[in-house]
Amino acid sequence: MPRMLKYQEIEGWLRQELSGGRFAPGDRFHSENDAARRFGVTAVTARKAFAPLEQAGYIERKRGSGTFVLRLPDRPEQIRLFRRCLFGIMIAEAPLDNRLKTGQMLIELHRAVEAAGYLALLTGDDPAPLLEAGVDAVIVFQVPAAATLKQFRDAQIPVAGLHTDRAPYPVLKPDFDGAAGQMVRLFHRRGFRRLLVTGAGADAERVDGEFRAPLDRAAAAAGIECSRLIASFDSLTGELTEQFRSAERPDVIFALNSWCLDQLFTALRRARLHIPGDVSLLVHGSNSLAIPSEPPCSIIDFDPAAAAAETVGALIRQLRHSSEPPPHRPIPYRITDRGSIARR
């Protein structure tokens, strides 16, 4: 078969993009400069590839604004290649448990990717399988190495993070203000007056840093006294025991992470306090679902389905409007009351 000329290869790719479900009439389409960079050709060659699509009425080029989709093909112009409909998911190589947050997020992420008309390719820390598969976009569960991010940038593959760490790409933004408001409204309705925020280790300090200001504001407005006890794993049990034995012991506890629950339960036993009879408990993080307790821990965490849908949606918006990567919208939290929050 005769070898395709470069502009014909680009035209075929453009038609494939129009046929693949990523674009709708009115959307901004790939620009000539985007195509020229992607295929390593001159602007003249790229312009030659766009011309047939404009003549056919599929796209419209507006001077100073960009290229926009006018209509889509009635049927696929080319066979849809499998490698052109993939979302890559990078996650640390470790055993996965569907009861824990990471497992739940992966389930919801696969559902969101499928609902958007894509397929998901799950891999570990090595980006090579994703690059070889020609993925359209990548979702990461932790900040990748700088060299990995450079590889994705060089290949013009957008990245979004299903985490809250700072990174040079859109990342998950939980609605901490909304979560603090939900908690305080619940505590106020149940008649609580003294709230203790507690946790152990650096993770608890990080979570407290996100919740501190909005939680303090909401508690003060509701007339709830809010105190904190964040310590090392070694000292937390003793300090909590003293707090629980004092005359000003809390009537509700907000545990910043599930890692501190062993120390918390030990301190409650030493002080001869029971959940929820003497003190109520709300735990941040759905991993506490897998921790046996009586009654089962009530939890607050962001909605995994909403988080997955927003992450996939942000990447699709970035694919369609690559010049202006959109930020994530805040992900709502939800409270699951499993019997450890009693009315006063």
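Keep in mind that the numbers below use all heavy atoms, side chains included, and drop hydrogens, waters and symmetry copies. Owing to the predicted nature of the structure, the values given are computational and were not obtained by experimental measurement.
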I'd like to know if the side chain of D251 reaches the main chain of V279, judged simply by a donor and an acceptor atom lying under 3.5 Å from each other, with no hydrogens or angles considered. no
Test item: R270 side-chain N/O and R245 main-chain N/O as donor-acceptor pair under 3.5 Å: no
Residue H110 excluded, over 12 heavy atoms near NE2 under 6.0 Å: yes
Any side-chain heavy-atom pair from V138 and F87 closer than 4.5 angstrom? no
Close side-chain approach of I335 and L186, heavy atoms under 4.5 Å: yes
Any donor-acceptor pair under 3.5 Å linking the side chain of D27 with the backbone of F23? no
If we ignore hydrogens and angles and just use 3.5 Å, is the side chain of S298 paired with the main-chain N or O of R338 as donor and acceptor? yes
Could you list the donor-acceptor pairs under 3.5 angstrom formed between side-chain atoms of residues 153-166 and any protein atom two or more places apart in sequence or on another chain?
unit_1	atom_1	unit_2	atom_2	d
D154	OD2	K150	NZ	2.8
H163	ND1	D165	N	3.2
H163	NE2	Y169	OH	3.0
T164	OG1	R206	NH1	3.4

Take F29 and F68 through the side chain to side chain contact (heavy atoms under 4.5 Å, CB included) test and state the conclusion after the steps. CA-CA 5 Å; F29 193 51; F68 297 86; 5.9 Å; no
Is a side-chain N or O of S280 found less than 3.5 angstrom from the main chain of A342, in a donor-acceptor match? yes
Is a side-chain N or O of E225 found less than 3.5 angstrom from the main chain of R194, in a donor-acceptor match? no
If every non-hydrogen atom of L236 is compared with every non-hydrogen atom of C260, which pair is closest and at what distance? CD2-CB, 3.8 Å
Evaluate the criterion side chain to side chain contact (heavy atoms under 4.5 Å, CB included) for residue pair E11 and R15; output intermediate values, then yes/no. CA-CA 6 Å; E11 180 189 346; R15 290 178 179 274; 3.0 Å; yes
Can you find a pair of side-chain heavy atoms, one from V44 and one from Y7, that are under 4.5 Å apart? no
Please find the pair of heavy atoms, one from M90 and one from P127, that lie closest to each other, and give the distance. CE-N, 4.3 Å
Indicate the atoms forming the closest heavy-atom contact of R185 with G178, along with that distance. NH2-O, 4.5 Å
Whether the T266 and R269 side chains hold a donor-acceptor pair (N or O, under 3.5 Å, no angle test) is what I'd like checked. yes
Lys/Arg-Asp/Glu bridge criterion (N-O < 4.0 Å) met for D216, R228: yes
According to the interplanar angle, ranging from 0 to 90°, do the rings of F302 and Y333 count as parallel (below 30°), tilted (30 to 60°) or perpendicular (above 60°)? perpendicular
Can you run down the ring-ring contact (aromatic ring centres under 6.0 Å, His included) pairs that involve residues 220-261, sequence neighbours left out, and say none if there aren't any? F211-F254
Which atoms form the tightest heavy-atom contact between A56 and R71, and what is the distance? O-NH2, 2.8 Å
Between P295 and S340, what is the shortest heavy-atom contact and its length? CG-CA, 3.8 Å
Given 3.5 Å as the limit, does a donor-acceptor pair link the side chain of S235 with the main chain of A231, or not? no
Passes side chain to side chain contact (heavy atoms under 4.5 Å, CB included), R190 versus R344? Steps please. CA-CA 6 Å; R190 300 288 173 92; R344 290 291 178 267; 6.0 Å; no
State whether E114 and R111 are salt-bridged, where the test is any N-O pair (Lys NZ or Arg NE/NH1/NH2 against Asp/Glu carboxylate O) under 4.0 Å. no
Hey, are R317 and E310 close enough for a salt bridge, meaning a charged N less than 4.0 Å from a carboxylate O? yes
Are M183 and L215 close enough that some pair of their side-chain heavy atoms sits under 4.5 Å apart? yes
Please step through side chain to side chain contact (heavy atoms under 4.5 Å, CB included) for the pair V283 and I300, ending with a clear verdict. CA-CA 6 Å; V283 184; I300 182 168; over 6 Å; no
Mind checking whether L130 and F152 have side chains closer than 4.5 Å, heavy atoms only? yes
Distance-minimising heavy-atom pair for L72 and L18: CD2-O, 3.5 Å
Applying salt bridge (Lys or Arg N to Asp or Glu O under 4.0 Å), can you list everything that pairs with R217, at least two apart in sequence or on another chain? D177
Taking the side chain as every heavy atom from C-beta outward, state whether I230 and L256 have any pair of such atoms under 4.5 Å apart. yes
How about R28 and V69: do any of their side-chain heavy atoms sit closer than 4.5 Å? no
Donor-acceptor check, side chain of N257 to backbone of A200, threshold 3.5 angstrom: yes or no? yes
Is a donor on one side and an acceptor on the other found under 3.5 Å between the side chain of T311 and the backbone of A307? yes
Is the backbone of Q243 close enough, under 3.5 Å, to the side chain of S246 for a donor and an acceptor to pair up by distance? yes
